[in-house]
Amino acid sequence: MEERKNAEHFLDLIRKSRRGRFKLYIGMSAGVGKTYRMLQDAHNLLHSGIDVRIGYIETHNRKETHELLEGIPFIARRSLFYKGKQLEELDVSAVLNIHPEVVIIDELAHTNIEGSKNTKRWQDVLEILDAGINVISAVNIQHIESLNEEVKAITGVEVKERVPDSVVDSADEVVNIDLTAEELINRLKDGKIYESSKIQAALQNFFKNEHILQLREMALKEVASQVQRKVEIEVQPQRWVRKERFLACISSNEIKAKNVIRKTARLAGYYNSSWLVLYVQVPAERADRIALNKQRHLINNFKLATELGGEIVKIEARRVADEILALCEQRHITTVCIGKPRLSLFRILLSTDTFRRLLAQLSKKDIDLIILS
């Protein structure tokens, strides 16, 4: 078994060495200049003798961006009819056959047309990277999966097209394209982002000054955490530090579980650490007793956690606290994350012996407890 593990580890290293390099631009919103910068990169690479092609680009008819297309070779898109319209998608097969050194692929969060090989463009990108082709791509901060609820709280808009955090984490280089709120709003008013008929609506909704400031902060934090992750991976620590490992404890409550999963994923990402999701199936929630809609929500939350890089642990037991403590011991957990209880924390501490015992045991083992709102 040990020899097999060593062989698999070595094979994994070989695969990683053959994988293409991934550069990702992150912006706080549309119009900050991500596509413009990717095309500038393409021109610089061409001047250096690198075989770079455009796999998919979306200029949105922005004049300065569109002008940069000139002189850059492109790979023909795949054309197909869908619901009576002729549409175009990235042609993954063509990219793989031509096999350029670098390919530019815009709009990472895009959902492919029904019937495509992959459901999402980020899946296309991973396939291309696995083939040893370098990729430059871009995404807006609101499309990162674990930030979905925060973005919705800020803007009132739920973003449907999302990219798993694990895809962002896999990037070899993450670059923030930053503008001040004033600069971005001026670009919008000058017609450099949307056509004139859409400008006023954008100013009253997504492009409000307070929205932009908060999204900008999120983008800066995300890129900073990615840089920190790279430092921790590539720079040898001068002294031993405790390696964080998070445990998200969830129930069959759909909304609360989803919130705990997303926030734990963010914490784990910040610390560049592994994390687990624990669901203890008590007798009242056995498959023959729990409602079908709750079962469906649980499965969806397990899928979300997996996409965000978490490991699922499902246990059938009566005593939830005992299972939490046992798993902390087995998997060397440093931080336990739970959802905010319905009752006030003070009343729980006074009235719930199980909760008090859990707190006491976690404290004794030097394990932090985070209660997520």
Side-chain angles (χ1 to χ4, degrees), residues 18-27 30-46 50-62 65-145 159-175 177 307:
R18 291 176 179 172
R19 182 179 180 270
R21 306 289 284 181
F22 184 22
K23 182 175 183 178
L24 181 63
Y25 284 106
I26 291 180
V32 295
K34 301 181 300 299
T35 304
Y36 189 89
R37 281 288 297 274
M38 286 195 294
L39 293 175
Q40 283 184 320
D41 281 356
H43 279 289
N44 290 333
L45 290 167
L46 282 171
I50 303 297
D51 177 20
V52 58
R53 311 284 181 101
I54 293 174
Y56 191 98
I57 207 79
E58 188 55 74
T59 65
H60 298 284
N61 294 317
R62 293 166 189 154
T65 306
H66 201 78
E67 288 173 351
L68 281 176
L69 293 175
E70 189 174 346
I72 306 174
F74 66 91
I75 297 169
R77 299 180 184 183
R78 186 168 60 94
S79 183
L80 64 163
F81 280 94
Y82 181 69
K83 294 185 177 180
K85 294 181 180 179
Q86 186 169 2
L87 303 171
E88 293 183 332
E89 289 282 15
L90 169 70
D91 193 333
V92 179
S93 297
V95 174
L96 296 176
N97 288 334
I98 294 170
H99 210 282
E101 288 181 75
V102 181
V103 63
I104 308 293
I105 301 175
D106 207 354
E107 300 193 346
L108 187 65
H110 170 77
T111 301
N112 293 331
I113 297 168
E114 193 174 319
S116 299
K117 180 181 180 183
N118 297 313
T119 306
K120 295 285 191 176
R121 185 164 292 160
W122 59 261
Q123 294 171 320
D124 295 336
V125 166
L126 293 181
E127 187 175 342
I128 290 166
L129 287 166
D130 286 341
I133 300 170
N134 304 300
V135 175
I136 302 176
S137 189
V139 70
N140 286 328
I141 192 68
Q142 63 264 31
H143 293 286
I144 297 177
E145 177 65 64
V159 178
K160 299 296 184 184
E161 295 187 318
R162 305 196 287 268
V163 176
D165 291 51
S166 57
V167 176
V168 180
D169 295 345
S170 71
D172 300 285
E173 186 177 357
V174 178
V175 181
I177 304 297
E307 288 177 349

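Note that this is a predicted model, so its numbers are computed, not measured. One is the number of the first residue; the rest follow in order along the sequence.
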Minimum heavy-atom distance [X]-[Y], with the two atoms named:
{"X": "Leu24", "Y": "Ala171", "value": "CB-CB, 4.0 Å"}
{"X": "Ile75", "Y": "Pro100", "value": "CD1-CG, 4.3 Å"}
{"X": "Leu126", "Y": "Ser170", "value": "CD2-OG, 4.4 Å"}

*asked:* Donor-acceptor pair, distance only, cut-off 3.5 Å: does the side chain of Arg121 make one with the backbone of Asp106?
replied: yes
Those residues that, when tested against [X], pass salt bridge (charged side-chain N to carboxylate O under 4.0 Å, His left out) (two or more places apart):
{"X": "Lys23", "answer": "Asp41"}
{"X": "Asp91", "answer": "none"}
{"X": "Arg162", "answer": "Glu145"}
{"X": "Lys160", "answer": "Glu158"}

Supply the atom-to-atom distance [X] [atom1] to [Y] [atom2], rounded to the nearest 0.5 angstrom.
{"X": "Leu68", "Y": "Arg62", "atom1": "CG", "atom2": "CZ", "result": "13.0 Å"}
{"X": "Leu90", "Y": "Ile57", "atom1": "CG", "atom2": "CD1", "result": "11.0 Å"}
{"X": "Leu108", "Y": "Gln123", "atom1": "CG", "atom2": "CD", "result": "10.5 Å"}
{"X": "Arg37", "Y": "Ile177", "atom1": "CZ", "atom2": "CD1", "result": "4.0 Å"}
{"X": "Leu39", "Y": "Glu67", "atom1": "CG", "atom2": "CD", "result": "11.5 Å"}

*Would Phe22 and Val167 satisfy side chain to side chain contact (heavy atoms under 4.5 Å, CB included), going step by step from the backbone distance to the final call?*
CA-CA 10 Å; Phe22 184 22; Val167 176; 4.3 Å; yes
*Are the side chains of Tyr56 and His110 in touch, meaning some heavy atoms are under 4.5 Å apart?*
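The answer is no, as the side chains (C-beta and beyond) never meet within the 4.5 Å cut-off.
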Partners passing side-chain hydrogen bond (donor to acceptor under 3.5 Å, both in side chains) against [X] (at least two apart in sequence or in another chain):
{"X": "His66", "result": "Thr59"}
{"X": "Gln86", "result": "Ser79"}
{"X": "Arg53", "result": "Asp51"}

Under the rule for side chain to side chain contact (heavy atoms under 4.5 Å, CB included), what residues qualify as partners of [X], not counting sequence neighbours?
{"X": "Leu46", "value": "Val52, Ile72, Pro73"}
{"X": "Leu80", "value": "Arg78, Glu89, Ile113"}
{"X": "Ser166", "value": "Pro164"}
{"X": "Glu127", "value": "Val92, Leu96, Lys117, Asn118"}

Output side-chain donor-acceptor pairs under 3.5 Å for residues 131-143, partner residues at least two apart or in another chain, one line each.
{"unit_1": "Asn134", "atom_1": "OD1", "unit_2": "Arg21", "atom_2": "N", "d": "2.7"}
{"unit_1": "Asn134", "atom_1": "ND2", "unit_2": "Glu101", "atom_2": "O", "d": "2.8"}
{"unit_1": "Ser137", "atom_1": "OG", "unit_2": "Ile105", "atom_2": "O", "d": "2.6"}
{"unit_1": "Asn140", "atom_1": "OD1", "unit_2": "Lys34", "atom_2": "NZ", "d": "2.6"}
{"unit_1": "His143", "atom_1": "ND1", "unit_2": "Glu161", "atom_2": "O", "d": "2.6"}

*Can you list the steps and then say if Ile50 with Asn44 is a side chain to side chain contact (heavy atoms under 4.5 Å, CB included)?*
CA-CA 9 Å; Ile50 303 297; Asn44 290 333; over 6 Å; no
